[in-house]
Engineer: 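First the structure, which I've put down as structure tokens, then a few questions once you've had a look.
The figures here come from the full heavy-atom set of this structure, side chains too, leaving out hydrogens, waters and symmetry mates. Computed from a prediction, not measured in an experiment: that's the story for all the values here.
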Amino acid sequence: MMVYVKLTLLFCLLSGIICPPVQETGNEIENELEQGLGLEYERYVKEVVQALESDPEFRKKLENSDPEDIKKGKISDDLDLVHHNVRTKLDELKRQEIERLRKLAIAEYEEKEGIHRPGGRLRIPGHIDHKNPQTFEKEDLRKLIIQTTKDLDDADKQRREDFKRYEMEKEFDHKRKLEQVDGEAKKKEEQEWEEKQKKHKDHPKLHHPGSKQQLEEVWEKEDHMAEEDWDPRTFFKLHDIDGNGVWDPNEVKALFRNELNKMYDPNAPEDDMRERMEEMERMREHVIRQTDKNRDGLISFEEFLEESQKSEFNEDPGWDTVDQGPIYNEEEYRMYEQRRIAEIQRMVQEGRITPEEGDKLLAALPNQYQAIKEGQPNSQPSKPVVNAPLPIAADQVNPQPVPVSYQQGPSQSNQQPSIGKPQESRH
């Protein structure tokens, strides 16, 4: 069984140990677990993993590998064990990826010709050894593992930052609406806002994620098993969907759907489905951090069984949801509003909106920022913010991953970019 666990670690490491933001569609709840990796080179990752999976010697080596060594890319040292036919397949996959990147670079060059981005030169992707465009070597596997680990970790951090901006945007829009009305209309707007918040919070208390009470509820309501028949071994197998002996992040998140249904109804206007997705990710992070002892990003049966035997497993302190505590502090929100003001001013300067449109937008901002808007002395933030990115709008709940960018430098303005130089073949 351990060989499958280690192989799963490699696969999950290259397939999304740290899950990116969930895709949201019209059927948010049904689709909340159906997602890709959020990587520009996702297809290449999956094809490399599939090729390595097919080699019995490499699988055997994984059995004695330490999870941390896998994450650091040290497993690449054992690439020599891979059969010639598999190496040939890996060579072909790399050549295809090099060609894809070359075409991507040329397409962007042709589109952006004459426009020089910050950095001044072509940015080479970090997931592949571009110096050797012909064969897949140890360095390729090492780079792929390390880059994927970094990118997926960054994606999780970005998810949290995106959600923070999303929540600030909602607060910003609410304050702006209040500034645009007065009298009875303003009072009505405030009352409707407060009623929605109160109605959303009127739900049953949530169980602590991963507690016996929470999992027993899944056992009874989703698995349709009797309460007195609770058995950790059976429960683990029922929710090990792919039968590989471990729970991956998506299998862990699936355990919380029933819990989140208590708090979020997709047909209720007061319930924000973006908050539901973030809540599910927070629960996933908490349970894996608490149960995953060897820090491989997976929960094995042994780890789950050990957790279920602790006295804390029978305790249910509840769960503090995202709407109970501040997602951002006052300073973060103040800087956010300043960036919005600076963005509007820049849009006017660049001719993207008319001065009249800019004045209309600025006039709707909270009164305490009128000094900043009017450019009075000592009212501007201490550091320039005119180049700050436009924050995510409240209706832009799932920004798509940005593909790998290729930067065209001045010295290359008259020639097409290229990736990789021929090198002597390994064969």
Side-chain angles (χ1 to χ4, degrees), residues 21-22 24-33 159-160 162-181 184-224 227 252-287 290 314-330 332-333 366 392-398:
V22 177
E24 297 180 29
T25 65
N27 301 315
E28 291 92 347
I29 296 179
E30 290 80 357
N31 292 285
E32 61 193 358
L33 298 177
R159 186 206 85 232
R160 291 189 287 269
D162 288 347
F163 181 72
K164 181 187 293 185
R165 288 197 298 271
Y166 172 76
E167 289 293 299
M168 288 192 289
E169 179 72 16
K170 287 201 303 183
E171 178 69 14
F172 183 85
D173 286 345
H174 171 60
K175 289 183 176 181
R176 188 171 62 177
K177 286 180 181 179
L178 291 178
E179 289 293 325
Q180 292 175 315
V181 295
E184 287 299 317
K186 185 171 185 177
K187 184 177 180 181
K188 182 180 178 182
E189 176 69 26
E190 289 178 327
Q191 184 177 359
E192 290 178 351
W193 175 266
E194 291 174 1
E195 286 178 353
K196 285 179 65 176
Q197 303 303 311
K198 183 178 179 181
K199 191 174 182 181
H200 170 66
K201 293 180 179 180
D202 183 20
H203 58 76
K205 181 181 177 181
L206 268 61
H207 291 302
H208 191 77
S211 67
K212 184 178 181 181
Q213 291 82 352
Q214 188 258 314
L215 298 181
E216 278 187 336
E217 199 166 282
V218 175
W219 171 265
E220 296 172 37
K221 294 187 176 181
E222 294 187 30
D223 302 333
H224 306 290
E227 179 181 359
V252 173
K253 288 195 293 183
L255 299 173
F256 312 132
R257 285 183 291 194
N258 178 70
E259 203 65 29
L260 292 170
N261 287 343
K262 301 175 185 178
M263 186 175 179
Y264 295 97
D265 180 355
N267 299 313
E270 68 272 10
D271 294 340
D272 188 335
M273 291 298 104
R274 172 66 184 270
E275 288 186 0
R276 175 191 169 100
M277 299 301 171
E278 178 63 20
E279 200 70 75
M280 177 175 280
E281 296 292 352
R282 290 177 69 243
M283 290 179 170
R284 181 261 305 174
E285 289 179 320
H286 170 75
V287 169
Q290 178 176 279
N314 298 302
E315 299 174 0
D316 184 12
W319 179 250
D320 293 333
T321 55
V322 292
D323 60 349
Q324 290 181 289
I327 302 298
Y328 50 86
N329 57 43
E330 292 183 4
E332 287 175 320
Y333 185 73
I392 296 175
D395 58 353
Q396 188 183 347
V397 297
N398 186 39

Engineer: Glu315: which residues meet the side-chain contact (heavy atoms from CB on, under 4.5 Å) condition with it, sequence neighbours left out?
Structural biologist: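 Applying side-chain contact (heavy atoms from CB on, under 4.5 Å) to Glu315 gives Glu312.
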Engineer: Looking only at heavy atoms, what is the nearest atom pair of Asp271 and Asp265, with distance?
Structural biologist: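 Looking at all heavy atoms of both residues, the closest pair is OD2-N, 2.9 Å.
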Engineer: Is the backbone N or O of Ala185 less than 3.5 Å from a side-chain atom of Glu189, with the two atoms forming a donor-acceptor pair by type?
Structural biologist: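 Flag not set: sc Glu189 to bb Ala185 has no pair under 3.5 Å.
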Engineer: Using a strict 4.0 Å threshold on nitrogen-to-oxygen distance, state whether Lys201 and Glu270 make a salt bridge.
Structural biologist: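 No.
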Engineer: Angle class for the Tyr328/Tyr333 ring planes (parallel below 30°, perpendicular above 60°, tilted otherwise)?
Structural biologist: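 Ring orientation, 0 to 90° scale: parallel.
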Engineer: Search all heavy atoms of Arg284 against all heavy atoms of Phe256 and return the closest pair with its distance.
Structural biologist: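 That would be N-CE1, 3.5 Å.
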Engineer: What I want to find out is whether Asp162 reaches Arg159 closely enough, with some N-O distance under 4.0 Å, to be called a salt bridge.
Structural biologist: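 The answer is no: the pair does not qualify as a salt bridge.
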Engineer: Out of Lys253, Arg160, Arg274, which one pairs with Glu281 under the salt bridge (Lys or Arg N to Asp or Glu O under 4.0 Å) rule?
Structural biologist: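 Only one option passes, and that is Lys253.
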Engineer: Check side-chain hydrogen bond (donor to acceptor under 3.5 Å, both in side chains) between Gln191 and all other residues, then give those that pass, not counting sequence neighbours.
Structural biologist: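 Residues passing side-chain hydrogen bond (donor to acceptor under 3.5 Å, both in side chains) with Gln191: Glu195.
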Engineer: Using a strict cut-off of less than 4.0 Å between a Lys/Arg side-chain nitrogen and an Asp/Glu carboxylate oxygen, indicate whether Glu167 and Lys170 qualify as a salt bridge.
Structural biologist: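 Salt bridge: yes.
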Engineer: Would you call Glu275 and Arg282 a salt bridge, using N to O less than 4.0 angstrom?
Structural biologist: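 So Glu275 does not pair with Arg282 through a salt bridge.
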Engineer: Can a donor-acceptor pair be found, under 3.5 Å and without considering hydrogens, that links the side chain of Glu259 to the backbone of His208?
Structural biologist: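 No, the answer is negative, given that no donor and acceptor are paired below the 3.5 Å cut-off.
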Engineer: How long is the span from the CD1 atom in Ile327 to the OH atom in Tyr166, to the nearest 0.5 Å?
Structural biologist: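 Rounded to the nearest 0.5 Å, the CD1-OH separation comes out at 12.0 Å.
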Engineer: Can you list everything that forms a side-chain contact (heavy atoms from CB on, under 4.5 Å) with Gln213? Sequence neighbours excluded, please.
Structural biologist: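 With sequence neighbours excluded, Gln213 shows a side-chain contact (heavy atoms from CB on, under 4.5 Å) to His207, Ser211, Asp316, given in chain and number order.
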Engineer: Ignoring hydrogens, what is the shortest heavy-atom contact between Pro209 and Met283? Give both atom names and the distance.
Structural biologist: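 That would be CG-CG, 3.5 Å.
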Engineer: Do you know which of Arg276, His203, Lys205 makes side-chain contact (heavy atoms from CB on, under 4.5 Å) with Met263?
Structural biologist: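 Result for side-chain contact (heavy atoms from CB on, under 4.5 Å) with Met263: His203.
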Engineer: Where the side chain of Asn258 meets the backbone of Val218, is there a donor-acceptor pair that is under 3.5 Å apart?
Structural biologist: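 Flag not set: sc Asn258 to bb Val218 has no pair under 3.5 Å.
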Engineer: Do Glu184 and Lys188 have side chains that approach each other closer than 4.5 Å (heavy atoms only, starting at C-beta)?
Structural biologist: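 Contact flag for Glu184/Lys188 side chains = no.
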Engineer: What closest approach, in Å, do Glu190 and Leu178 show between heavy atoms, and which atom pair accounts for it?
Structural biologist: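 Smallest heavy-atom distance, with atoms named: CG-CD2, 3.5 Å.
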Engineer: Would Glu279 and Trp319 satisfy side-chain hydrogen bond (donor to acceptor under 3.5 Å, both in side chains), going step by step from the backbone distance to the final call?
Structural biologist: CA-CA 10 Å; Glu279 200 70 75; Trp319 179 250; 2.9 Å; yes
